[in-house]
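As the structure is a computational prediction, the values presented were derived from the model and not from experiment. When a ligand or atom number is given, it counts from 1 through the structure's own listing order. Just so it is clear, the values below take in all heavy atoms, side chains as well, and ignore hydrogens, waters and symmetry mates.
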Amino acid sequence: MKYYSLRHQSPPVDFRTATVTGQAPDGGLYFPETIPKFPAGFLRELRGLSKATVAFNVMRPYVGSTIAEADLQRICAEAVDFEFPLVPVTAEVSALELFHGPTLAFKDVGARFMSRCLGYFAQRGDTPPVTVLVATSGDTGGAVASGFLGVPGVEVVILYPAGKVSPVQEQQLTTLGQNITALEVAGTFDDCQALVKQAFLDEELAKKRFLTSANSINVARWLPQQLYYCFAMQQWPVGAAAPVVSVPSGNFGNLCAGLLAQASGLPLGRFIAACNANEPVPVYLRTGTFTPRPAVPTFSNAMDVGNPSNFVRILELFDNDLTRLRAALSADTVTDAETVAAIRQVWERDDYLLDPHGAVAYAALRRYQAQHGGAAGLILATAHPVKFPDVVEPILGRAIELPAVVQALQGRTKRSVPLAVNYEELKAYLM
Ligand SMILES: *Cc1c(COP(=O)(O)O)cnc(C)c1O
């Protein structure tokens with residue numbers, strides 16, 4: 001498999017180069033030259049396959065010969081080494097719980113897959129020592145820190161917006177130490193992302209450090225997210241109509257991966273891009289005009305993205321054809337008040353505790369079902385509610401019990417480096 005730059009000014013590369021470099025030299029995102037079709041046998045037998053086998057089958061064509069078969073099998077098995085239960089919430093809505101990994105958010109799979117690929121390439125001497133430079137709106141940082149901790153030949157530098165991530169999120173990215181450094185930026189996630197983007201285009205810096213990204217712009221983080229949708233279909237009732245799939249979206253990597261799995265033949269129904277007040281994509285689907293905006297803070301902070309990087313990949317998947325895109329994808333905006341109301345209603349009526357991100361997906365799906373008839377659907381429950389106690393605990397009326405992986409972080413010393421929204425300061429640090 002070759003990957004081309006969506007800006008078309010750099011040559012196509014293989015999976016190894018796309019993973020190691022993150023972004024094309026022309027600043028474009030990499031995109032696969034062909035969309036592989038899942039073999040008919042794979043789809044027929046999907047329910048009976050192990051998660052590791054599903055992962056290997058889906059990832060093999062994308063990885064090609066850049067990773068030996070036995071190694072790819074091991075990497076796949078380790079990346080999906082926890083549960084992904086599909087839990088009924090109401091008669092019409094099920095939640096695919098993606099928060100049973102080490103950092104309690106869905107980004108664990110992509111981060112674990114990518115870190116192991118990069119570790120494999122570094123160990124074989126296929127790449128010089130790498131610095132992974134990543135901006136986080138909340139959950140990426142923790143997943144990347146956990147996934148890369150102790151990987152030889154890889155140093156990790158994480159930029160996060162000061163005061164805009166939850167305490168558990170902050171602990172997950174500032175307390176591990178070793179090869180992980182957290183830069184606490186006096187700005188928003190968009191500021192962090194802009195600083196990172198500038199660093200990638202800095203030729204002087206590139207001579208000093210070999211930089212790569214671990215955001216979902218990196219194909220090794222983006223592509224494994226297709227697996228969630230396969231795991232959902234392994235558990236979807238036999239013979240039932242294809243589910244409407246509501247995806248809480250920020251940078252749009254997860255949703256784009258779902259559309260990719262569908263293009264490969266996975267029988268999914270309509271997609272809903274469930275957004276918070278950061279809504280350039282809902283506005284685009286309504287008006288045909290895409291206008292990035294500064295991010296505004298919401299309760300679903302991992303989706304506070306004003307200029308979603310992966311949206312260009314979605315456009316590419318649909319040949320930039322708005323009519324075709326509208327036929328596959330709806331979008332909706334859910335306010336903080338609606339998010340809280342959804343958490344409260346589902347907790348009181350259905351005895352199920354949503355986190356703010358899952359709640360955005362839930363509210364958007366219910367609105368879609370109310371307007372278009374009751375086709376059954378699923379939401380991606382992308383984070384554990386314990387990561388958002390400020391929102392969830394007042395509804396619950398008590399503290400949520402901390403899972404063991406979070407308890408282990410309590411009392412550990414926070415280590416972060418303060419940084420202004422100033423590229424020269426970041427550059428000085430990296431040099
Ligand atoms: C990152 C994240 C999202 C948004 O995913 P994208 O792929 O960036 O659209 C949603 N929910 C949670 C909990 C996240 O961490």
Nearest neighbour in protein (non-hydrogen) for atom 11 (N) of ligand 1
Thr382 OG1, 2.8 Å
Donor-acceptor pair, Thr339 side chain versus Thr335 backbone, under 3.5 Å?
yes
Among all protein heavy atoms, pick the one closest to atom 8 (O) of ligand 1 and tell me residue, atom and distance.
Asn251 N, 2.8 Å
Starting from atom 5 (O) of ligand 1, find the nearest protein heavy-atom neighbour and note its residue, name and distance.
Phe106 CZ, 3.5 Å
Is the centre of the His357 ring less than 6.0 Å from the centre of the Phe388 ring?
yes
For the side chain of Tyr62 and the backbone of Val219, is there at least one donor-acceptor N/O pair under 3.5 Å apart?
no
Before accepting this row, confirm whether a basic side-chain N of the pair Arg209/Glu155 lies closer than 4.0 Å to the acidic partner's carboxylate O.
yes
Gln172 backbone acceptor or donor facing Thr175 side chain under 3.5 Å
no
Is it the case that ligand 1 has an N or O less than 3.5 angstrom from some N or O of Asn254?
yes
So is Ser249 polar-close to ligand 1, meaning N/O to N/O under 3.5 Å?
no
Heavy-atom nearest neighbour in the protein, as seen from atom 10 (C) of ligand 1, with distance rounded to 0.1 Å:
Pro248 O, 3.5 Å
Polar contact flag for Gly253 and ligand 1 (N/O pairs, less than 3.5 Å)
yes
Polar-atom distance check: Ala302 versus ligand 1, any N or O pair below 3.5 Å?
no
Gln169 and side chain to side chain donor-acceptor pair (under 3.5 Å): which single residue from Thr140, Thr103, Asp139 fits?
Asp139
Identify, for atom 13 (C) of ligand 1, the protein heavy atom at the shortest distance, and state residue, atom and that distance.
Asp139 OD2, 3.1 Å
Does Asp26 use its side chain to pair, donor to acceptor, with the backbone of Gly28 at less than 3.5 Å?
yes
What residue and atom, counting heavy atoms only, is the protein's closest point to atom 4 (C) of ligand 1, and at what distance?
Gly250 N, 3.6 Å
Shortest heavy-atom approach to atom 15 (O) of ligand 1 - which of His357, Met303, His384, Lys107:
Lys107
Salt bridge check, Lys2 against Asp14: does any charged N sit closer than 4.0 Å to a carboxylate O?
no
